[in-house]
Each structure stands twice: as C-alpha cells, then as structure tokens.
Amino acid sequence: MSKACPPTIALFGAGKNIGIPIVKAFVDINSPILVIARPTSDLSALPKSNLVTVARVDTTSVSSVAGILRDNRIDVLISGVSYIKGGVDAQVAVARASRNAGVKLFLPSEFGIPTGGGTDPMPKAKSDFAEYLKSIGLPSLRIYCGQFHHSIPWLSAVDETGTFYIVGKGTTPQSYTAVSDVAGYVAHVLTTQTLSNLFDIELRIEGQRATLVELGALYSGTATVEHVQALPRKDMYYSEVREYLQNNGDRGIGSSGWDWASGTDDENRASSGNAFWSGHRWLTAKEVLRL
Ligand SMILES: NC(=O)c1ccc[n+]([C@@H]2O[C@H](COP(=O)([O-])OP(=O)(O)OC[C@H]3O[C@@H](n4cnc5c(N)ncnc54)[C@H](OP(=O)(O)O)[C@@H]3O)[C@@H](O)[C@H]2O)c1
C-alpha cells in the first residue's frame with residue numbers, strides 16, 4: 001500500500017559495509033536522511049547531497065541523542081553498527097533515546113543470517129537486542145539477507161591467496177545478496193509501506209541462492225578451489241569469523257530461510273520478503289564480482 005507522507009529517517013552507524021550504502025539508497029530515491037555519528041566517526045565516504053544531514057553526538061548519551069531525534073521529528077531509526085566491533089551493545093542507548101523521542105520503528109543492525117531465537121554468539125547477541133527492543137515497547141523491523149556478494153572473496157580468502165578455500169563440504173545452499181540491493185530494499189520498503197505494517201516483523205530476502213562449490217566454480221580459470229577444515233593461516237584477518245560464516249552453509253543457517261526454533265531451512269521462506277519489491281531485478285554474485 002502506498003503512503004501519503006513518507007516517514008522521517010535517521011541512520012546510526014554510517015560504516016562502509018551497510019550504513020553508507022543505505023544512505024546512498026535514500027539519496028537515489030530523492031529521500032532525505034539524517035546521519036547520527038560519533039564525534040570521531042569518519043564520514044568521508046558519505047554521499048555529498050543536500051538530502052543528507054549529519055548530527056555528531058555522544059551516542060552513549062540518551063538525552064543528547066533523544067534531543068536530536070526529537071528536533072528532527074524522526075519516525076524511523078536504522079542502525080548499521082558493527083557487530084564485530086561491539087556496536088550491538090552501543091545500540092542500547094540509541095534505542096532508549098529513540099523510545100524517549102517517540103521514534104515509531106527501529107531497524108537494528110541485522111543484515112545477515114536469520115538471528116531470531118539464535119543460539120550462536122552473533123545471532124544470540126542480535127536476537128537478545130531485538131528482545132530488548134520489545135521490552136522497552138519499541139517496534140522493530142529485522143532484515144535478513146544472507147551474505148553480501150562482495151563478502152565472497154573475503155570469506156574464501158581468494159583475493160589474498162589465489163585459492164578459493166571452502167571450509168567443509170560447501171554443498172548446502174546459502175543466501176547471497178548484493179549490498180546495493182539490501183540498501184535499496186530498506187529504502188524502498190520504508191518509503192512504500194505503511195509503517196505499522198512493518199512493526200515487529202522479520203523480512204527475509206535473497207538475491208541469489210548458491211552453494212560455496214557453485215561460487216568457487218565462478219573462479220574457474222582464475223583461481224584454484226580447495227576444500228579444507230580450517231583456513232590455512234590463523235593470522236588471516238578474522239579467520240575464525242570467516243570459518244564460522246562458511247560453516248553456516250553446511251549447517252543450513254546461512255540461508256535467509258533458516259528458522260532457529262524448528263532447526264529447518266525453507267527455500268521459499270528465504271526469499272519471502274522479496275515480494276515487497278516486486279519487479280526488482282536482484283543482482284547475482286557473478287555480476288557484482290565481475291567474474
Ligand atoms: N551479510 C554480510 O555479508 C555482512 C557483511 C558485513 C557486515 N554485515 C552486518 O552489517 C552490520 C555492519 O557491520 P560492519 O562490521 O560491516 O560495520 P561497518 O560497515 O564496518 O561500520 C561500522 C559502523 O559501526 C559504528 N560503530 C562500531 N562500533 C561502535 C560503537 N562501539 N559505538 C558506536 N558506533 C560504533 C562505526 O562508527 P564509527 O565510525 O564511529 O566507529 C561505523 O559507523 C552488522 O550488523 C554486520 O553483521 C553483514
């Protein structure tokens with residue numbers, strides 16, 4: 001259903017992986033967005049546009065953040081903070097500020113595998129935060145998209161080593177989505193749906209469904225493919241995170257259709273949220289990686 005008056009949007013965590021692409025997606029549809037950043041945040045990659053306003057603030061101060069949200073009459077707060085760098089906990093003060101300032105909907109920093117009811121450390125931390133939002137009466141919208149296409153060279157260590165490493169079997173499909181599609185989806189959904197339709201739901205999207213073996217085959221002629229139990233060097237940047245994310249494939253949890261409660265994946269469920277962007281053509285990994 002179309003909305004008469006688009007909601008006012010703010011983004012906390014304008015980092016390179018998802019925050020900046022989301023800002024760009026709003027600019028692309030000519031929609032204003034307020035960026036809430038720490039005094040030290042590097043915002044040099046933000047698009048230069050009069051649709052983008054920046055407020056630098058101590059993001060641990062509930063009253064300071066609430067003041068900015070109130071002054072700008074913000075309806076929706078999107079978080080793009082880093083899980084790896086401890087940003088999930090940093091959302092607590094911003095969530096309290098949002099609730100105090102009358103924000104209607106909070107998008108926590110998800111943008112990966114399904115987390116609702118998850119028991120592994122990363123899904124659990126994100127799931128616990130969603131429960132926290134519920135406990136303070138702030139509706140949430142959580143978006144699951146699997147891995148970003150551009151993460152594939154990092155996950156497999158192919159750019160660093162010339163070998164596409166597959167940790168484990170790599171024969172179970174996972175979800176992969178272009179970050180530009182994830183960001184475009186966020187902007188599209190928030191500007192075309194009635195906000196209350198989005199309260200306390202999880203949207204599952206998928207640009208492409210593929211196994212690691214299928215993705216390795218895209219590198220045919222440019223890199224060798226090797227199956228291993230662990231990445232070859234522990235000094236590789238976040239090697240344990242990459243191994244975890246690769247193993248998610250064999251476990252089934254790398255699919256946007258994964259459900260922690262039943263321990264099952266469902267291919268139709270994995271792309272069920274794509275319906276909110278009907279007619280959109282989702283990019284493939286081959287296109288994004290130019291293979
Ligand atoms: N699906 C995928 O393939 C994929 C890949 C990567 C990330 N993700 C997800 O995307 C989200 C972003 O993660 P990322 O690691 O990639 O982030 P990122 O793009 O590197 O950006 C990090 C952002 O978080 C902010 N931040 C970090 N620690 C903070 C703290 N303690 N307090 C306040 N702000 C803090 C940073 O602000 P400053 O500039 O002030 O430090 C920055 O704006 C996460 O939910 C992650 O799981 C998904």
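Here the structure is a predicted model, which is why all the values come from computation and not from measurement. These values consider heavy atoms only, across backbone and side chains, with no hydrogens, waters or symmetry-generated copies. Order of listing sets the numbers, starting from 1, for every ligand and every atom in it.
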| task | Would you check the N or O atoms of Ile84, main chain and side chain alike, for any that come under 3.5 Å of an N or O of ligand 1? | result |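 N/O-N/O distance below 3.5 Å does not exist for this pair.
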| query | Do any nitrogen or oxygen atoms of Thr40 lie less than 3.5 angstrom from nitrogen or oxygen atoms of ligand 1? | reply | no
For ligand 1, indicate whether the residue [X] contacts it via side chain, backbone, both or neither (heavy-atom separation under 4.0 Å).
X: Lys85; answer: both
X: Val81; answer: both
X: Ala37; answer: neither
X: Ser82; answer: both

Numbered atoms of ligand 1 (with element) below 4.0 Å of [X], judged on heavy atoms:
X: Gly112; answer: 1 (N)
X: Ser41; answer: 38 (P), 39 (O), 40 (O)
X: Gly13; answer: 43 (O)

| Chi angles and distances behind the salt bridge (Lys or Arg N to Asp or Glu O under 4.0 Å) call for Glu267, Arg204 | CA-CA 11 Å; Glu267 186 173 350; Arg204 298 160 182 271; over 6 Å; no
| field | NZ/NE/NH1/NH2 to OD/OE distance under 4.0 Å, Lys124 and Glu131 | value |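 So Lys124 does not pair with Glu131 through a salt bridge.
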| message | Please determine whether a side-chain nitrogen of the Lys or Arg among Lys104 and Asp75 lies less than 4.0 Å from a carboxylate oxygen of the Asp or Glu. | response |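 Between Asp75 and Lys104 there is a salt bridge, with a charged N closer than 4.0 Å to a carboxylate O.
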Nearest protein heavy atom with distance in Å, relative to [atom]:
atom: atom 45 (O) of ligand 1; result: Ser109 OG, 2.7 Å
atom: atom 9 (C) of ligand 1; result: Glu110 O, 3.8 Å
atom: atom 21 (O) of ligand 1; result: Gly15 CA, 3.2 Å
atom: atom 19 (O) of ligand 1; result: Asn17 N, 2.8 Å
atom: atom 10 (O) of ligand 1; result: Ile18 CG2, 3.6 Å
atom: atom 29 (C) of ligand 1; result: Arg38 NH2, 3.4 Å
atom: atom 6 (C) of ligand 1; result: Phe148 CE1, 3.9 Å
atom: atom 48 (C) of ligand 1; result: Phe111 O, 3.2 Å

| request: Find out whether Ile205 and Trp282 are in side-chain contact, i.e. whether some heavy atom of one side chain is under 4.5 Å from a heavy atom of the other. | output: yes
| request: Say whether Tyr185 and Phe199 are linked into one hydrophobic cluster, either directly or through other cluster members, by side-chain heavy-atom distances under 4.5 angstrom. | output: yes
Side chain [X], main chain [Y], donor-acceptor under 3.5 Å:
X: Thr161; Y: Ala157; result: yes
X: Thr163; Y: Tyr165; result: no
X: His188; Y: Gln193; result: no

| contact_flag His150 ligand 1 heavy-atom lt 4.0 Å |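 In this structure, His150 fails to qualify as a contact of ligand 1 - no heavy atom is under 4.0 Å.
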| Heavy atom of Gly80 under 4.0 Å from ligand 1? | yes
| request: Could you tell me whether atom 36 (C) of ligand 1 has a protein heavy atom closer than 4.0 Å? | output: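 No; the ligand atom in question lacks any protein heavy-atom contact below 4.0 Å.
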| said: Is a donor from one side chain sitting under 3.5 angstrom from an acceptor on the other, for His149 and Asp181? | reply: no
| said: Could you tell me if Arg56 and Ser41 have a donor-acceptor pair between their side chains, going purely by distance under 3.5 Å? | reply: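 Checked: Ser41/Arg56 side chains show no N/O donor-acceptor pair below 3.5 Å.
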| query | Of the listed options (Ser151, Gly146, Cys145), which comes nearest to atom 1 (N) of ligand 1 when hydrogens are ignored and any heavy atom counts? | reply | Gly146
| field | Options His149, Lys16, Lys126, Gln91, ranked by nearest heavy atom to atom 47 (O) of ligand 1, top entry | value | Lys126
| Any idea how Tyr219 and Phe164 line up, ring-wise: parallel (<30°), tilted (30 to 60°), or perpendicular (>60°)? | tilted
| request: Could you walk me through whether Asp265 and Arg251 pass the salt bridge (Lys or Arg N to Asp or Glu O under 4.0 Å) test, one step at a time? | output: CA-CA 10 Å; Asp265 179 24; Arg251 296 169 65 203; over 6 Å; no
| task | For Val57 and Thr59, run side chain to side chain contact (heavy atoms under 4.5 Å, CB included): C-alpha distance rounded to whole Å, both residues' side-chain angles, the deciding distance at 0.1 Å, then the answer. | result | CA-CA 6 Å; Val57 63; Thr59 56; 3.9 Å; yes
